[in-house]
Amino acid sequence: MHKVLLIISGGIAAYKSLELIRLLTARNVQVTAVLTEAAARFVTPLSVAALTGQRVHTELFNHEAEAQMGHIQLSRMADLLVVAPASADILAKAAHGLAGDLATTALLATDKPVLMAPAMNVRMWLHAATQANVATLLQRGVGMIGPDDGAMACGEFGPGRMAEPAAIAERVYAMLGAGAARSSAQTDAEPSEEAGVSQAGQRGAVAGVMRGRHALVGQNALVGRHALVTAGPTIEPIDPVRFISNRSSGKQGYAIAGALAALGARVTLVSGPTGLDVPAGVDRVSVQTAREMLDACERALPADVAVCVAAVADFRPAHAAELKLEKASAASLALVANPDILATLSAHAQRPALVIGFAAQTHEVETFAQAKRAKKRCDWIVANDVSGDVMGGDHNQVSIISDKGIECLARRTKAQVAAELAGRIASRLGPRE
Ligand code: CTP
């Protein structure tokens with residue numbers, strides 16, 4: 001019989017954990033519950049005990065329980081620890097290794113897999129502190145399910161609702177290896193069919209698949225994978241005060257690095273100069289020129305996936321002057337071509353299994369992008385139409401071109417594009433076995 005230690009933390013969603021217990025015990029999973037002090041205000045230990053058929057644990061220093069079963073043993077006797085609902089508070093404590101009560105002590109003491117089902121107010125979920133804590137936990141291999149979008153008890157709408165007990169139960173069976181076939185198909189399925197990939201040359205508008213895709217890709221789907229992302233512009237010095245560069249903000253590349261890290265990947269972000277903060281869980285290597293960027297990328301190999309988002313300057317001055325040039329001599333510059341980082345990675349002896357390029361176009365976007373995919377020998381090209389407010393803005397409209405054809409996504413935020421792409425990468429690669 002499989003054993004689950006269910007930690008119920010405080011929040012209105014705690015009542016849903018009763019349904020989770022019912023579903024798990026009905027499938028012959030033994031559930032032992034730990035209630036935090038706050039949880040005990042939402043559900044009574046008595047009802048939890050009645051449903052689990054087990055003694056309910058509520059305090060760290062319960063001498064009788066300590067004598068029978070220490071808190072360390074409590075976390076070890078289970079095959080899996082599930083935290084549902086996981087409040088912002090318990091996510092923060094787990095991320096920082098605090099162990100002030102029985103629930104957090106069990107989380108710190110365990111050597112077993114952990115699954116968390118966050119539930120909280122939308123603003124608390126979206127707060128940078130919570131997102132950083134979640135990224136930390138994902139990087140450590142903690143599984144996350146949800147939260148779902150929807151109307152919340154506090155009257156607001158957005159992500160924050162605890163995943164449905166049935167979905168959590170399915171994930172639990174998958175993690176336990178019991179009834180895994182059905183559940184893994186539901187949680188980590190290849191999503192591209194649902195998104196409607198069109199045949200090459202035909203545009204297939206794909207709108208509104210964002211939520212579905214989030215639910216479909218397991219949030220630790222890239223654990224054990226290494227992702228290399230290039231972002232931002234490069235700057236190519238003319239002399240100590242002048243350079244050649246472009247208007248790339250780096251926002252899309254940074255968002256992709258963050259989205260890959262949020263799925264548990266180790267991410268190396270090789271970035272030209274931007275004013276952006278490093279996303280949670282990402283290692284940034286800062287560079288200036290195309291040649292430095294290539295060098296940093298090659299040093300970061302091996303990687304499972306490379307996503308080249310950087311707007312690399314195609315040319316650099318043949319000679320960067322050591323002293324400031326006088327106007328007359330700066331008037332005509334001899335230029336030489338820069339190395340193509342995407343093409344180099346595609347042809348590399350340590351080629352990542354998946355190499356993805358971006359193609360910024362202002363017209364005939366897909367035709368040029370197709371040609372670029374062939375020329376640079378990458379697996380996918382994400383073509384973006386930069387004729388509008390894309391450069392420096394927060395929105396993007398992209399088409400993903402692969403050997404399966406062209407998939408045209410509706411205009412959305414760069415963060416949403418990043419999440420979409422990370423989801424597709426996860427579906428293609430999956431976590432390292
Ligand atoms: N790229 C790269 N190294 C370069 C130039 C481009 O890695 N020296 C990558 C970009 O990061 C992007 C893709 O190649 O993923 C396409 O870049 P783009 O500048 O649009 O392509 P070019 O080949 O320079 O084509 P164009 O003639 O449109 O400038």
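All figures in this text were calculated on a predicted structure; none of them were measured in a lab. Whatever order the structure lists them in is the order used to number ligands and atoms, beginning at 1.
- Across all their heavy atoms, Pro273 and Gln288 have their closest contact at CG-NE2, 4.2 Å.
- Partner of Leu342 under the side chain to side chain contact (heavy atoms under 4.5 Å, CB included) criterion, chosen from Val309, Val355, Ile356: Val355.
- Under a 4.0 Å N-O distance rule, the pair Asp379/Arg351 qualifies as a salt bridge.
- Within 4.0 Å of ligand 1, heavy atoms belong to protein residues Cys308, Val309, Ala310, Val312, Asp314, Pro339, Asp340, Ile341, Leu342, Gly357, Phe358, Ala360, Lys372, Lys375, Lys376.
- Within the 6.0 Å centre-distance limit, the rings of Phe368 and His363 are counted as a close aromatic pair.
- No side-chain N or O of Tyr254 forms a donor-acceptor pair with one of Ser249 less than 3.5 Å apart.
- There is no side-chain donor-acceptor pair under 3.5 Å between Asn133 and Thr130.
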